Amino acid sequence: MVKLSIQAGAWEAPGPLYLKLKDEILRQIRLGGLRPGDRLPPTRQLAGDLGLNRGTVSAAYEELTSEGVLTSHVGRGTFVAPDLSLAGVDASVSGNGYRWADHFAGAEPPPPPWFPTAPAGADVIAFHRGVPDQALFPADAFRAALDATLREEGEHILGYAPAEGHPPFVDFLLDYLRVHRSLAVTRDEVLVVNGSQQAMDLLARTFLRPGDTVAVEDPSYFGALELFRSAGARMVAIPMDESGMRLEEAESVLARERPKFVYIMPTYQNPTGRCLSTDRREGFIRLAARYEVPVIEDDFDAELAYDREPPPPLKSLPGSQGVIYIGTPSKTLFPGLRIGWIVADPAVTARVGRIKQIADLSGSQLLQAAFTRFAKTGAYDEHKDRVRKTYRRRRDAVLAALQDAMPRGVSWTRPGGGMSLLVTLPDGMDSEAILAETAAEGVLFSPGSWFHVNDGARSLRLCFGSVTEADADRGARILARTVARHLDAGRKNRPPSRVSRLPAV
Ligand SMILES: Cc1ncc(COP(=O)(O)O)c(C=O)c1O
């Protein structure tokens, strides 16, 4: 059943409440928050949640049912009509002035995911921020690199870059990939882009048509799921275990679904932090080659390794011609650079490069040049050493607090690197309900439903990159206390089990 939240101010316009609720439900259908086939909350529950009279909710549901927007089944509940035409819904929403909706092409993008905020003035423990800690950004050293770049390169550095990237940056990148990522590649195999998210967008435009299928690890990176879905693709899930994507399941998905590509984060996966084992890397490359399916390898945080060196990227292994590798300095340095790179067969980089050029002409020469200069002074390597130590301590603090305080029945991943881990709650628990309570104490995290293809109600992601050790400890304990409270309440409300007196066998 979907949650229905009401936009602030929705009640303030004049007119009967039930019509405003009706308009609000239509608005959410139009925005994609409610989809055909979704079940609405029962009238009593919604009335309670919104502080309305139950008759008001019934009147709104009845009117929408008589218009064919909702369907109602005795005993099963009220649903958005499964065969609803969204064009009809658009026309029935009252607009203010100019009707932009009549001019926009295609379906409305889904709204950003729902998120509670901490109370004003609360000390926020930001486990929800999947980003490096801003307090660690080397602003002074980068400013010096920028100043020197402008001073020494002159005006030409302020012009457009060649489509494939600023040439001295590409030289630096080839060297960097060889030394740090075991990738010995040539210039025509590299394309510089504006962040790895843009790489994925360009690859979606290159490979996907509406209705295509993309295979992903389950759970996967929310931004990739959103992007591929917005290109009209359907996601199919490949389950994981502690060693990463499971190859038997991957094989049956490839055989059954024939996806256009597989999107995978082999090293310190987002959200689990898991790392695909060496054996599986080799097995997966063989599998992808056998099914002739391209693989998009998102290598976004492999250099944030805390315990040991992770296995080398898929792209460095024999037989990896079908792998399209994406890299970024967003997690190891800072995301505001908006620099990323694709490493792939020249046929791919040429085609994607042309699509990029048509889309945005060029990246920033200035930033590519400044990044090159910054890295060549040794400042990038020093920065990575520093943040690795800090993030390792933060990871250890969260893991220790979870170990100490989480009730039995709760499990979590133990990442060897990266910035996130996934907690799985016992059956029947809902991480969004837990979040609503921890948020009131300032502890924010991302609910698992964002990352899972099918159902992620029981899981939640904790990012420890932007959380000090003391906060990591305090936040994990507040989370554990909240989970324990829910478990206790669940036990008290559960009817006595009939099977509990059967002899054990
Ligand atoms: C797994 C993963 N890939 C890609 C990105 C996007 O990074 P960029 O800043 O390079 O676009 C993110 C950002 O959070 C991410 O978590």
Side-chain angles (χ1 to χ4, degrees), residues 112-113 115 126-134 137 165 169 173 176-177 181 190-205 214 216-230 235 240 244-245 261-276 295-305 310 313-315 323-343 352 356 359-360 363-364 367-368 371 380 387 391 413 415 417-422 445-446 448 450-453 461-466:
F115 210 79
F127 283 133
H128 64 307
R129 306 203 70 217
V131 290
D133 189 347
Q134 197 170 308
F137 292 167
F169 176 65
L173 190 57
Y176 186 88
L177 290 168
R181 307 303 308 128
V190 171
L191 175 70
V192 178
V193 294
N194 301 325
S196 45
Q197 194 72 17
Q198 188 191 41
M200 282 186 257
D201 180 53
L202 296 169
L203 292 168
R205 295 194 213 190
V214 170
V216 294
E217 296 153 309
D218 194 31
S220 185
Y221 163 49
F222 175 71
L225 297 178
E226 231 186 8
L227 199 150
F228 300 145
R229 282 183 181 132
S230 76
M235 301 299 112
M240 307 175 72
M245 175 186 277
F261 55 75
V262 184
Y263 168 74
I264 180 171
M265 294 158 277
T267 313
Y268 312 138
Q269 201 251 9
N270 181 1
T272 61
R274 284 175 176 148
C275 189
L276 191 70
V295 173
I296 297 182
E297 174 179 30
D298 188 349
D299 192 39
F300 67 112
D301 65 354
E303 290 190 73
L304 296 177
L314 299 175
K315 187 66 188 157
V323 175
I324 301 169
Y325 171 98
I326 305 175
T328 175
S330 283
K331 307 288 167 180
T332 43
L333 188 53
F334 49 82
L337 270 179
R338 307 317 299 140
I339 292 177
W341 43 87
I342 293 175
V343 177
V352 177
K356 179 182 179 301
D360 73 354
S364 162
L367 290 177
Q368 290 171 27
F371 178 32
Y380 188 26
V387 295
Y391 297 151
T413 57
M419 289 190 294
S420 66
L421 61 86
L422 194 81
F445 58 78
S446 310
W450 295 12
F451 312 103
H452 283 272
V453 173
R461 183 186 73 173
L462 298 182
C463 289
F464 44 83
S466 293

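Quantities reported herein were computed from a predicted structural model and do not represent experimental measurements. Both ligands and their constituent atoms are indexed starting at 1 by order of listing.
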_Ring geometry between Phe222 and Phe451 (parallel below 30°, tilted from 30 to 60°, perpendicular above 60°)_ = perpendicular
*With sequence neighbours left out, what residues match Asp299 under salt bridge (charged side-chain N to carboxylate O under 4.0 Å, His left out)?*
Arg181
_Could you walk me through whether Tyr221 and Phe228 satisfy the ring pair (Phe, Tyr, Trp, His ring centres under 6.0 Å) test, starting with their C-alpha distance in whole Å, then the side-chain angles of each, then the deciding distance to 0.1 Å, before giving a yes or no?_
CA-CA 11 Å; Tyr221 163 49; Phe228 300 145; 9.2 Å; no
*Strictly by modelled atom types, are Tyr380 and Thr332 linked by a side-chain donor-acceptor pair under 3.5 Å?*
yes
*Please say whether more than 12 non-hydrogen atoms of neighbouring residues, nucleotides or ligands are located less than 6.0 Å from CZ in Arg129.*
no
*Using atom types as modelled and distance alone, determine if a side-chain donor or acceptor of Gln269 lies under 3.5 Å from a backbone N or O of Thr272.*
yes
Which N/O atoms of ligand 1 sit under 3.5 Å from a protein N/O, and at what distances?
residue, atom, partner, partner atom, Å
ligand 1, 3 (N), Asp298, OD2, 2.6
ligand 1, 7 (O), Ser196, OG, 3.1
ligand 1, 9 (O), Ser330, OG, 2.6
ligand 1, 9 (O), Arg338, NH1, 2.7
ligand 1, 10 (O), Ser196, N, 2.8
ligand 1, 10 (O), Ser196, OG, 2.7
ligand 1, 10 (O), Thr328, OG1, 2.7
ligand 1, 10 (O), Ser330, OG, 3.3
ligand 1, 11 (O), Ser196, N, 3.2
ligand 1, 11 (O), Gln197, N, 2.9
ligand 1, 11 (O), Arg338, NH2, 2.9
ligand 1, 14 (O), Lys331, NZ, 2.6
ligand 1, 16 (O), Asn270, ND2, 3.0

